[in-house]
**Q** 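I'd like to ask some things about the structure below.
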There are 2 protein chains.
Amino acid sequence: MSIDEAWDILLKYDYKRTKNREILLRFFDDADRYVTAMEVRVAVERDNPGISFDTIYRNLAMFSKLGILDETELNGERLFRMQCATDHHHHHFICTACGGTKSIPICPMDSVTVNLSEYVIEGHKFEIYGRCPKCKVG
Amino acid sequence: MSIDEAWDILLKYDYKRTKNREILLRFFDDADRYVTAMEVRVAVERDNPGISFDTIYRNLAMFSKLGILDETELNGERLFRMQCATDHHHHHFICTACGGTKSIPICPMDSVTVNLSEYVIEGHKFEIYGRCPKCKVG
DNA sequence: CCTTTAATTCGGAATCATTCCGATTACTTT
DNA sequence: AAAGTAATCGGAATGATTCCGAATTAAAGG
């Protein structure tokens, strides 16, 4: 998702165009990988020293709820990245060292044969973890 | 996994047979679903009032590392359950209301066609979230 | 059964990420 | 430019988890 597409969503829901949100969106657009909340804080403070934790966390949560950011969790740490363009549903390999991702174009839900008709399905998660070519040792 | 199988693992690694560990194992054996750390604390304090948080968290982490417990995360909460008998690899539907699970006998890794030969795969996660028949409304 | 020794637990303080809150600032519209 | 409201700030509060030194307990050997 581009910065402009993110702003389209934000403005549609009457969120204001602020300097801090622009800084956050530019950071995620540039990073193009999963980053921890701590990394966001460090990076964003470079552009706006003195930005409040509250502002960062509040916007991260809101971006995540609006689908601008994807959120996951690894070893107890929250990770965020710009959500992919929503053209077709897919999943990711995630590098545990750098947070980089690679698309996995299949969705396991298509292969589930168990009868879940009595169940209400709210969501699912499929992620592969490991080391990308750049981060693997040797 | 049974309580006895859990003790086999613990004793193999020279962990001692203590009252608190027995209480924890019995609780998980009985619960047979994902429970939060808070639920563990409340339940375990019934059997041993005055048990230290430290003891609970230390053993949860150790059980999890040894593969006695499965650990996942839902809405920022850590969830634990007794690991299934390790006879054949599978995944789970998890009820977001009660933590109950249902086995999904497929593994999406079998269907991944993307070339990951340059990647080192350390693990994967496939979970389906929703409401089980008992917890769905209406 | 008694002693020894090291693991385990206890209790409470410390940590750390995250959230809350009242006061201030900055968008957007008029 | 002024008004109205959302957003931010700064610092305090929260809450789960971990740390730490002292006390206790399980396992092994005599």
Side-chain angles (χ1 to χ4, degrees), chain A residues 3-4 6-27 34-66 68-69 71-80 99, chain B residues 3-4 6-27 34-66 68-69 71-80 99:
Chain A
I3 296 177
D4 284 348
W7 276 122
D8 286 347
I9 295 173
L10 289 170
L11 297 176
K12 186 174 88 181
Y13 288 102
D14 289 329
Y15 288 104
K16 292 183 175 169
R17 187 183 287 271
T18 69
K19 177 186 162 196
N20 286 329
R21 287 174 183 153
E22 180 72 20
I23 290 172
L24 281 165
L25 291 176
R26 284 196 185 156
F27 168 70
Y34 275 108
V35 292
T36 63
M38 184 59 68
E39 285 180 90
V40 176
R41 279 165 50 178
V42 169
V44 163
E45 278 171 353
R46 271 201 296 271
D47 285 341
N48 181 9
I51 187 173
S52 165
F53 290 165
D54 190 50
T55 299
I56 296 172
Y57 286 111
R58 182 166 25 76
N59 282 301
L60 285 179
M62 185 264 285
F63 287 0
S64 188
K65 181 150 63 175
L66 292 182
I68 292 169
L69 296 182
E71 186 173 352
T72 192
E73 182 267 341
L74 207 54
N75 300 126
E77 278 190 320
R78 294 165 74 187
L79 298 177
F80 300 88
Chain B
I3 296 176
D4 284 346
W7 276 122
D8 287 345
I9 294 172
L10 289 171
L11 297 176
K12 186 173 86 180
Y13 287 103
D14 290 328
Y15 288 105
K16 293 182 176 171
R17 189 182 287 270
T18 68
K19 176 185 162 197
N20 285 329
R21 287 176 183 152
E22 180 73 19
I23 291 172
L24 281 165
L25 291 176
R26 282 196 185 153
F27 168 70
Y34 275 107
V35 292
T36 63
M38 184 59 67
E39 286 179 271
V40 176
R41 280 165 48 177
V42 170
V44 163
E45 277 171 353
R46 271 199 295 272
D47 286 340
N48 180 8
I51 187 173
S52 165
F53 290 165
D54 189 49
T55 299
I56 296 171
Y57 287 111
R58 183 165 25 77
N59 282 302
L60 284 179
M62 185 263 286
F63 288 1
S64 189
K65 182 150 63 177
L66 292 182
I68 292 169
L69 296 181
E71 187 173 352
T72 191
E73 181 267 343
L74 208 55
N75 300 127
E77 278 191 321
R78 294 164 75 187
L79 299 176
F80 301 88

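Chain A is the first sequence line, chain B the second, and so forth, proteins listed ahead of strands; every chain is numbered from 1. All values reported here derive from a predicted model rather than from experimental measurement.
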**Q** For the CD1 atom of A:I23 and the CD atom of A:E45, what is their distance to the nearest 0.5 Å?
**A** 11.0 Å
**Q** In whole angstrom, give the distance that lies between atom CD1 of A:I56 and atom P of C:dT19.
**A** 12 Å
**Q** How long is the gap from CD1 on B:I9 to CZ on B:F63, to the nearest 0.5 Å?
**A**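 B:I9 atom CD1 to B:F63 atom CZ measures 10.0 Å (nearest 0.5 Å).
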**Q** Which pair of heavy atoms, one from A:P49 and one from A:R46, lies closest together, and at what distance?
**A**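 Smallest heavy-atom distance, with atoms named: CD-O, 4.1 Å.
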**Q** Give me, pair by pair, the N or O atoms of the protein and of nucleotides 18-21 of chain D that are less than 3.5 Å apart, along with how far apart they are.
**A**
unit_1	atom_1	unit_2	atom_2	d
D:dC19	N4	B:D54	OD1	3.0
D:dC20	N4	B:D54	OD2	3.1

**Q** Expressed in angstrom and rounded to an integer, what is the separation of B:E39 atom CD from D:dT17 atom P?
**A** 13 Å
**Q** Check DNA chain D against residues 14-22 of chain A and give the residues with a non-hydrogen atom under 4.0 Å, in numerical order.
**A** A:Y15, A:K16, A:T18, A:N20, A:R21
**Q** For B:L25 versus B:A6, what's the shortest heavy-atom pair and its separation?
**A** CD2-CB, 3.7 Å
**Q** Which is true for B:G76 with a 4.0 Å heavy-atom rule: it touches a base, it touches only sugar-phosphate, or it touches nothing?
**A**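 No contact at all - B:G76 keeps every heavy atom at 4.0 Å or more from the nucleic acid.
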**Q** Measure from CD on A:E73 to P on D:dT17 and round the result to the nearest Å.
**A**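 Taking CD of A:E73 and P of D:dT17, I get 12 Å after rounding.
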**Q** For A:L11 and C:dT29, give me the distance from atom CG to atom P, rounded to whole Å.
**A**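 The distance from CG of A:L11 to P of C:dT29 comes to 10 Å, rounded to the nearest Å.
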**Q** Name all residues meeting the side chain to side chain donor-acceptor pair (under 3.5 Å) criterion together with B:E22; count only those two or more places apart in sequence or in a different chain, and write none if there are none.
**A** B:W7, B:R26
**Q** What is the distance from CE of A:M38 to P of C:dT15, rounded to the nearest Å?
**A**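 So the two atoms are 15 Å apart, to the nearest Å.
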**Q** How far apart are the closest heavy atoms of B:Y57 and B:R41, and which atoms are they?
**A** OH-NH1, 3.0 Å
**Q** For the atom pair CG (A:L24) and CD1 (A:I51), what is the distance rounded to the nearest 0.5 Å?
**A** 5.5 Å
**Q** Starting from P on D:dG11, measure out to CD1 on A:I51 and report it in whole angstrom.
**A**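 Distance check: A:I51 CD1 to D:dG11 P gives 16 Å.
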**Q** To the nearest 0.5 Å, tell me how far A:K12 NZ sits from A:D14 CG.
**A** 11.0 Å
**Q** Would you mind reading off the distance between A:Y13 atom OH and C:dC27 atom P, rounded to a whole angstrom?
**A**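 After rounding, the reported distance stands at 24 Å.
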**Q** Got a sec, which residues hit side chain to side chain donor-acceptor pair (under 3.5 Å) with A:S64, two or more places apart in sequence or on another chain?
**A**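 Counting only residues at least two positions away or on another chain, A:S64 forms a side chain to side chain donor-acceptor pair (under 3.5 Å) with A:E71.
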**Q** Where along residues 41-48 of chain A does a heavy atom come under 4.0 Å from DNA chain D, residue by residue in number order?
**A** A:N48
**Q** Just wondering, do B:L10 and B:M62 contact through their side chains at under 4.5 Å, heavy atoms?
**A** yes
**Q** Would you say that B:Y34 contacts B:L74 through its side chain, given a criterion of any heavy-atom pair below 4.5 Å between the two side chains?
**A**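 No; the side chains remain at least 4.5 Å from each other.
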**Q** For the helix from C:dC1-D:dG30 to C:dT30-D:dA1, what angle separates the axis at the start from the axis at the finish, each from five pairs, in steps of 10°?
**A**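 The angle separating the two end axes equals 40°.
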**Q** Please find the pair of heavy atoms, one from B:K16 and one from B:R21, that lie closest to each other, and give the distance.
**A**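 Heavy atoms of B:K16 and B:R21 come nearest at O-NH1, 3.0 Å.
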**Q** When the distance from CE of B:M62 to C1' of C:dT9 is rounded to whole Å, what number comes out?
**A**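 The distance from CE of B:M62 to C1' of C:dT9 comes to 12 Å, rounded to the nearest Å.
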